[in-house]
Amino acid sequence: MPEPAAPGEAIPIASDHGGFQLKETVKQHLSGLGFHPVDMGCPDESSVDYPDYAFQLAGAVASGDYQRGILICGTGIGMSIAANRVSGVRAALCHDNFTARMSREHNDANLLVLGGRVLGVEVALDMVHTWLTTAFGGDRHQRRLDLIEKPPTT
Ligand code: RB5
């Protein structure tokens with residue numbers, strides 16, 4: 001169960017072309033908050049395939065290299081679908097401060113997913129801060145997370 005991020009923590013962040021501009025802004029914001037952003041691409045606004053970036057970053061979190069990370073594509077949908085295929089990852093596509101906070105309190109999300117073509121910049125930056133500093137609630141929420149780890153077989 002990751003605790004809220006501590007100042008100085010390395011936060012990996014990746015995007016496709018649809019999220020590139022917001023990624024650059026979020027990186028600056030992370031540095032301003034005292035975190036250490038680790039850019040895992042993409043390098044510019046040239047067209048790329050979001051699963052490549054989702055799997056690289058999600059794998060780095062699942063392996064324990066990082067406690068948590070941030071993914072951004074145009075809508076956030078593709079990144080969240082891909083990242084949630086990686087075992088141990090709980091990627092939450094969030095839209096506002098409330099969903100960002102709930103994704104930590106109730107879902108212990110270890111990846112925050114944002115839509116670069118959907119969110120206003122200030123809203124997104126506020127969400128990042130909230131998401132990084134909100135603790136998991138545990139208790140009944142942990143029971144539900146445990147259930148997710150045992151999906152029914154058909
Ligand atoms: C890229 O055009 C776009 O499909 C991608 O950024 C994302 O929105 C996919 O879900």
Side-chain angles (χ1 to χ4, degrees), residues 1-2 4-5 9-33 35-134 136 141 144-145 147-152 154:
M1 176 201 316
E9 182 175 322
I11 309 290
I13 180 168
S15 75
D16 72 352
H17 51 288
F20 176 77
Q21 285 189 5
L22 182 58
K23 171 168 69 72
E24 297 305 299
T25 306
V26 170
K27 277 164 49 184
Q28 288 180 6
H29 188 61
L30 288 171
S31 296
L33 291 171
F35 298 105
H36 175 55
V38 178
D39 192 337
M40 300 182 105
C42 60
D44 54 39
E45 290 186 274
S46 308
S47 182
V48 294
D49 298 326
Y50 61 80
D52 295 337
Y53 295 90
F55 290 147
Q56 186 191 1
L57 190 146
V61 170
S63 71
D65 287 349
Y66 302 99
Q67 288 284 299
R68 72 205 91 223
I70 300 172
L71 285 171
I72 311 174
C73 64
T75 59
I77 295 171
M79 284 292 198
S80 57
I81 291 172
N84 278 313
R85 299 291 299 271
V86 177
S87 179
V89 161
R90 292 177 300 283
L93 173 55
C94 297
H95 305 286
D96 49 34
N97 221 35
F98 180 75
T99 48
R101 182 163 57 85
M102 285 296 111
S103 79
R104 290 289 311 129
E105 283 184 15
H106 286 197
N107 311 111
D108 197 20
N110 51 12
L111 290 189
L112 172 65
V113 189
L114 303 172
R117 295 172 177 161
V118 178
L119 294 167
V121 171
E122 294 302 329
V123 170
L125 298 183
D126 216 21
M127 291 166 65
V128 166
H129 183 246
T130 295
W131 189 78
L132 288 171
T133 55
T134 300
F136 177 48
H141 305 301
R144 292 159 187 164
L145 295 187
L147 287 168
I148 292 174
E149 295 304 317
K150 298 174 206 155
T154 52

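Remember, it's 1-based here, ligands and their atoms both numbered in the order they're listed. Below, all heavy atoms of this structure are taken into account, side chains as well, without hydrogens, waters or symmetry copies.
Residue contact check: G74 has heavy atoms under 4.0 Å from atoms 5 (C), 6 (O), 7 (C), 8 (O) of ligand 1. The atoms of ligand 1 that sit less than 4.0 Å from any heavy atom of H17 are 1 (C), 2 (O). Close approach of ligand 1 to Y50 is summarised as follows: ligand atoms under 4.0 Å from at least one heavy atom of the residue are 9 (C).
Residue C73 has no N or O atom closer than 3.5 Å to an N or O atom of ligand 1. The shortest N or O to N or O distance between G18 and ligand 1 is not under 3.5 Å.
Remark: side-chain polar atoms of K23 are paired, donor with acceptor, to backbone N or O of C42 under 3.5 angstrom. Judged by distance alone, the side chain of D16 and the main-chain N or O of G19 form a donor-acceptor pair under 3.5 Å.
Counting non-hydrogen atoms of neighbouring residues, nucleotides and ligands closer than 6.0 angstrom, the NE2 atom of H29 exceeds 12 such neighbours. Counting non-hydrogen atoms of neighbouring residues, nucleotides and ligands closer than 6.0 angstrom, the CZ atom of R144 exceeds 12 such neighbours. Within 6.0 Å of CD in Q21 there are 12 or fewer heavy atoms belonging to other residues, nucleotides or ligands.
D52 pairs by the side-chain contact (heavy atoms from CB on, under 4.5 Å) definition with D49, not counting sequence neighbours.
The single protein non-hydrogen atom nearest to atom 10 (O) of ligand 1 is G78 N, 2.8 Å, given as residue, atom name and distance.
At a heavy-atom cutoff of 4.0 Å, ligand 1 is contacted by no atom of M79, backbone or side chain.
When I72, T75, D16 are checked for heavy-atom proximity to atom 6 (O) of ligand 1, D16 turns out nearest.
Counting protein heavy atoms under 4.0 angstrom from atom 2 (O) of ligand 1 gives one or more.
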